[in-house]
Structures are given as structure tokens and as C-alpha cells.
Amino acid sequence: ASTNGESLYAELFQPFTINTERGQDDARKNDILDRFKAGDYLGVIQLYNQAADPDNRERFLAAYALQAKGDFRESIKPLRA
């Protein structure tokens with residue numbers, strides 16, 4: 001049997017959960033975390049795209065959200081920013 005990227009991803013995928021949160025004073029950062037926890041990956045991507053200066057956590061969450069939506073080629077872009 002041949003292996004392609006999608007079948008490999010489906011076989012090896014491990015969900016990511018946010019366990020510990022530090023105090024966040026930034027409403028956008030709280031919103032992106034809430035959307036991520038709710039599985040609203042499109043909302044995570046939209047908030048990331050609106051962010052003027054996303055931090056590393058927002059970049060990671062955006063990349064994860066893009067992968068969860070099946071957009072693997074785009075998912076690397078937030079990590080390279």
C-alpha cells in the first residue's frame with residue numbers, strides 16, 4: 001500500500017491541548033485561546049491574520065489551526081514569520 005501525506009497525517013496526528021495559561025491582559029490573545037479551545041480553527045486563523053504583531057503562541061496556534069483545516073502548505077507560513 002502506498003502512503004501519501006494525508007494518510008500519514010491521519011495516522012500520526014496527535015491533538016494539542018492548552019493545559020496551563022498565564023495571565024493574559026490582551027483581549028485578542030484571550031480570544032484566540034478561547035477559539036482554539038472550542039475547536040474554532042477558522043476563527044483562530046482569522047484572528048491571527050488580523051494581528052499586527054503575533055507572538056510565538058499565536059503563530060503556533062495558527063499553524064496548528066491551518067493543519068487542522070487541511071491546509072498543510074499554508075501551515076508553515078506562521079512558523080516562518
For the CG atom of Leu33 and the CZ atom of Arg57, what is their distance to the nearest 0.5 Å? 4.5 Å
CD1/Ile32 to CD/Gln46 distance, rounded to the nearest 0.5 angstrom? 10.5 Å
Between the CD1 atom in Ile45 and the CG atom in Leu47, the distance rounded to the nearest 0.5 Å is 10.5 Å
Rounded to the nearest 0.5 Å, the CZ atom of Phe36 sits from the OH atom of Tyr48 at a distance of 14.5 Å
For Ala63 and Ser75, work out which heavy atoms get closest and say how close. CB-O, 3.2 Å
Distance in Å, Leu79 CG paired with Asn56 CG, rounded so as to fall on 0.5 Å steps: 9.5 Å
Return the CG to CG distance between Leu66 and Leu61, rounded to the nearest 0.5 Å. 11.0 Å
Any donor-acceptor pair under 3.5 Å linking the side chain of Gln67 with the backbone of Tyr64? no
